Protein chains: 2
Amino acid sequence: MSWKKRVAEAAVARLPTYSRALDELDRKGVEIISSDELGEKVGYSAAQIRKDLSCFGEFGKVGTGYYVKDLKEAISQILGIDRAWNVALVGAGNLGSALLAYPGFRERGFRIVAVFDNDLRKIGKKWENVILQDISEMPEKIKEQGIQIGIIAVPAKVAQQIADMLVLSGIRAILNFAPARIVVPDGVELRAADLSRELERLSYFLTNEAAIRTEALQKGKVAGGEEDKTRESHHYRQDW
Amino acid sequence: MSWKKRVAEAAVARLPTYSRALDELDRKGVEIISSDELGEKVGYSAAQIRKDLSCFGEFGKVGTGYYVKDLKEAISQILGIDRAWNVALVGAGNLGSALLAYPGFRERGFRIVAVFDNDLRKIGKKWENVILQDISEMPEKIKEQGIQIGIIAVPAKVAQQIADMLVLSGIRAILNFAPARIVVPDGVELRAADLSRELERLSYFLTNEAAIRTEALQKGKVAGGEEDKTRESHHYRQDW
DNA sequence: GTATGTGAAGTAATTCACAGCT
DNA sequence: AGCTGTGAATTACTTCACATAC
């Protein structure tokens, strides 16, 4: 598929959010939604949403809005999540095993079908229906199963080696949870998911809040004493 | 602290990366580094690094570069990670328990000192040296310990309720791992860490790769047959 | 000579505002 | 009347290029 205009990377980054919101709307039986209402729901402006979607085509009905089912389907296709992806996970430590057990990936169509580690005590064990395999089997198994996406959940100091192995195995996209920069060749897509980084940004905010808020006020971005209806308290206990 | 010029949010987002690289350089005994060399290491341009740092002051020595120890220290202060932060975690399911056990947070100064869940079978258990507490105790305990940062690791459908509770408890910054948008009042900082989103962006890349690469080629951003020395393969096994 | 810090230029992202369709 | 899709305007971010300092 080739799009009608240059696709803004920032627009792509927002599509998953739209996708989730539309899924929920669809589950609730909402059939049509305007960019205004969708914007309210996802936290972006209506103009932003319309601009983002316009990169990929025209999905709305002027004067009416968007058909939820159609738009949901269209975005799934654009993102390529109208199918299931097999994923390889490397590292079955704390984080790796949590990612393996995390239901959120499967819910969005990403199935971890192979897990590799170098801890001989773990090899051969079956976790979450997947047998842990020795790292040395990785290239073969990944090729065998035609896996295209790899998740790195190993310590920082070996992350690059693992990335190299994944690339040699034919992996074409990597999600790196190790807190280290890794380098991959052109043609392999890389995303970093460094969990501490976001906490550090929060720390920055807390440390510099006074200055930040002063600046924001000067730009009129901080709502003064304005009431926000979404902020009412809820009851506290509920099954989850 | 108030900075000499408007601070670009994008610059703040890169500081943790610089911080990590400088830590490593310092451990290796490197004393001085130029923006060129640091850029090489972190994957940003030298100009980018200098511009970023210039938001916060002048840290370099013209004609020489940056003293690693000094810059490292300065960035720690800017980010507010020259101290330890106590953090509350809500949700002790798959993801929550992994985050609790994840050593990366503590390494960067974030200590999870309170964990809340609503599963009565878990309450009172001690995991990673922290006793799991009932969700109803949250407001009291958070106030008691003066915790300012909260991590949400509960299912999407209760994420907003938990966020509301955290806010009522006096939390000032939230890291949300639930795949749902939550809303918080002004003065509370929120970051989303939706693990599936990044996989979906990778899926987009794999699905639209041909078109993306064509476009990049037209802009001359894809290296043709150029050799990259960093891409040599390494030996495969190593303790981790 | 060498490398920073920074205006200026260039590029990308977001918001505005409205023509045009239903 | 209501809402999309989109050029134009604005704002944010990145790269360039060089004066300045060591």
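Each chain gets a letter, A, B and so on, in the order its sequence line appears, and its residues count up from 1. Please read these numbers as outputs of a predicted model, since none were measured by experiment.
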Are A:R201 and B:E189 within salt-bridge range, i.e. N to O under 4.0 Å?
no
Check every atom of C:dA13, D:dC3, C:dG5 against the side chain of A:S34 and return the nucleotide holding the closest atom.
D:dC3
When you measure from every atom of DNA chain D, which of residues 53-63 of chain A have a heavy atom less than 4.0 Å away?
A:S54, A:E58, A:F59, A:G60, A:K61, A:V62, A:G63
Using 4.0 Å as the upper bound for N to carboxylate O, is an ion pair formed by B:E24 and B:K41?
yes
Taken to the nearest whole Å, OH/A:Y66 to P/D:dG2 is 18 Å
Atom CG of B:D52 and atom P of D:dA12 are separated, to the nearest Å, by 16 Å
Considering just the side-chain nitrogens and oxygens of B:K5, establish if one lies under 4.0 Å of OP1 or OP2 belonging to C:dG5.
no
A:R14 NZ/CZ over A:Y44 ring centroid, <6.0 Å and within 45° of normal:
yes
Whole-Å distance, B:I32 CD1 to D:dC22 C1', equals 12 Å
Relative to the ring of B:Y204, is the ring of A:F56 parallel (under 30°), tilted (30 to 60°) or perpendicular (over 60°)?
perpendicular
Nearest whole angstrom, please: distance from the C1' of D:dT14 to the CD of A:E9.
16 Å
For B:D36 and D:dT15, what is the distance between atoms CG and P respectively, to the nearest whole Å?
13 Å
Under 3.5 Å, side chain of B:Q160 to main-chain N/O of B:V183, donor-acceptor pair present?
yes
What I'd like to find out is whether the side chain of A:D23 reaches to under 4.5 Å of the side chain of A:R108, using heavy atoms alone.
yes
Check: A:S34 and A:Y66 side chains under 4.5 Å, non-hydrogen atoms
no
With sequence neighbours excluded, tell me which residues meet ring pair (Phe, Tyr, Trp, His ring centres under 6.0 Å) with B:F59.
none
Expected list for residues 41-51 of chain B near DNA chain C, using heavy atoms below 4.0 Å, is B:R50, B:K51
Six-ring centre of B:W85, B:R83 cation under 6.0 angstrom, axis tolerance 45°
yes
A:R6 CZ to C:dA12 C1', in whole Å, measures 7 Å
Per nearest nucleotide of DNA chain C, the residue lying toward the 5' end, A:R14 or A:T64, is A:R14
Protein-nucleotide distance (B:L38, atom CG; C:dG5, atom P), rounded to Å
12 Å
